Number of protein chains: 2
Amino acid sequence: MSPMNTQIQPILKIGAVAKAAGVSIDTVRFYEGRGLLPSPQRSAAGYRLYDQSTIERLNFIGRAKGLGFTLNEIVLLLDLQDKGGRKAEVKSITGAKLEQIDRKIEDLQRMRSVLGKLNGDCSGSGSVAGCPIIEALVDGDLDDCCK
Amino acid sequence: MSPMNTQIQPILKIGAVAKAAGVSIDTVRFYEGRGLLPSPQRSAAGYRLYDQSTIERLNFIGRAKGLGFTLNEIVLLLDLQDKGGRKAEVKSITGAKLEQIDRKIEDLQRMRSVLGKLNGDCSGSGSVAGCPIIEALVDGDLDDCCK
DNA sequence: ATACACCCTAGGGTCTAGACTAGAGTAAAG
DNA sequence: CTTTACTCTAGTCTAGACCCTAGGGTGTAT
């Protein structure tokens with residue numbers, strides 16, 4: 001009757017939000033349990049009912065994951081957004097993540113350089129005897145080999 | 001009596017091999033269960049008995065781990081060494097690992113560049129409103145922002 | 001009315017690489 | 001002989017991010 005009854009937001013069931021956000025139904029429920037999504041309204045039958053904002057929240061989560069944040073870190077970021085934190089808090093999270101990423105990149109580049117050298121040194125034909133890769137693993141001259 | 005009784009290899013208990021290789025006792029038993037170490041001889045009381053070669057094998061495993069190989073991949077490498085595989089098999093494992101490492105480095109560098117840009121754009125003071133990091137996560141202009 | 005898609009909960013399983021615990025037996029040193 | 005250090009098995013726990021199953025109930029279209 002009155003405009004109060006008007007549902008401005010379309011009501012979506014879990015399958016619809018999951019599909020719209022490109023995640024599985026299990027993932028939506030899992031995120032709810034992990035505190036990334038608030039407990040949604042329920043229909044009379046107990047179905048979870050969502051609106052558009054949940055899809056946006058799921059997209060936020062997906063983007064944050066794409067930048068390397070863990071779900072626990074994303075909870076923090078969402079909290080700062082929800083409750084209005086300070087920019088400094090956000091920067092402290094991203095700054096720590098940047099350092100972590102830098103360390104991982106350095107690790108991987110070290111591995112890459114050692115392994116690339118060994119792989120290049122190995123003829124690739126014949127029996128494993130004399131294979132520089134295996135020999136390096138056996139003898140432990142990895143450090144001397146590429147630094 | 002005869003030279004047959006002579007133990008050329010010193011007999012080591014699990015604590016000694018673990019210490020010599022710089023891993024925990026748990027790790028040694030765990031590797032045995034995972035097939036990285038053969039089931040060792042046992043003393044009358046059931047103690048695991050090792051010789052020097054186990055330490056070398058543990059060092060092999062440690063070096064391979066340091067190059068980014070998983071335990072499953074290390075089982076393959078050890079098998080090639082034990083049973084005398086071909087160099088081509090070794091190279092196929094290391095080649096795949098190199099590609100994997102390259103992909104991971106690219107991923108991390110992409111994250112690093114996006115996140116570094118956002119982090120630099122954020123003043124770091126004041127409320128979270130208008131924070132470029134949060135806004136990018138909300139709006140999804142991550143791709144446009146740094147490529 | 002019935003087929004079919006969708007939803008619910010509770011709980012277990014996956015992968016990686018171990019760490020840690022309990023409860024019991026064994027070895028070496030004083 | 002007693003203390004201390006070591007070892008055994010079996011099992012549980014961690015983090016991270018879910019997936020899958022069973023055994024139901026619901027909603028809608030034909």
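Proteins get letters first, then strands, A, B, ... in listed order; numbering begins at 1 in each. Treat the numbers as computed from the prediction; the structure is a model and nothing was measured.
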N/O donor-acceptor pair under 3.5 Å between [X] side chain and [Y] backbone:
X: B/Glu99; Y: B/Ala96; answer: no
X: A/Lys91; Y: B/Cys122; answer: yes
X: A/Lys97; Y: A/Gly68; answer: yes

What residue pairs, at least two apart or across chains, pass salt bridge (Lys or Arg N to Asp or Glu O under 4.0 Å) with a residue in residues 32-50 of chain A?
A/Glu32-A/Arg48

Would you say B/Tyr50 and B/Ile55 make side-chain contact, with heavy atoms under 4.5 Å?
no

For residues B/Arg103 and A/Leu108, determine if any side-chain heavy atom of one lies less than 4.5 Å from a side-chain heavy atom of the other.
no

Between residues 17-30 of chain A and DNA chain D, which residues have a heavy-atom gap below 4.0 Å?
A/Ser24, A/Asp26, A/Thr27, A/Phe30

On DNA chain D, check which nucleotide each of B/Gly15 and A/Lys13 is closest to and give me the residue with the more 5' one.
B/Gly15

What integer distance in Å separates B/Asn72:CG from C/dT14:C1'?
13 Å

Can you tell me how far C1' of C/dC6 sits from CG of A/Leu49, to the nearest Å?
13 Å

Quick check on C/dG18: is either OP1 or OP2 less than 4.0 Å from any side-chain nitrogen or oxygen of B/Tyr31?
yes

Assess whether a salt bridge exists between B/Arg57 and B/Asp82, defined as any Lys/Arg side-chain N lying under 4.0 Å from an Asp/Glu carboxylate O.
yes

Students should find that the nucleotides of DNA chain D closing off the region near chain B, any atom under 4.0 angstrom from a heavy atom, are D/dC6 to D/dT9

Of the non-hydrogen atoms in B/Leu36 and B/Leu78, which two are nearest, and what is the gap between them?
O-CD1, 3.6 Å

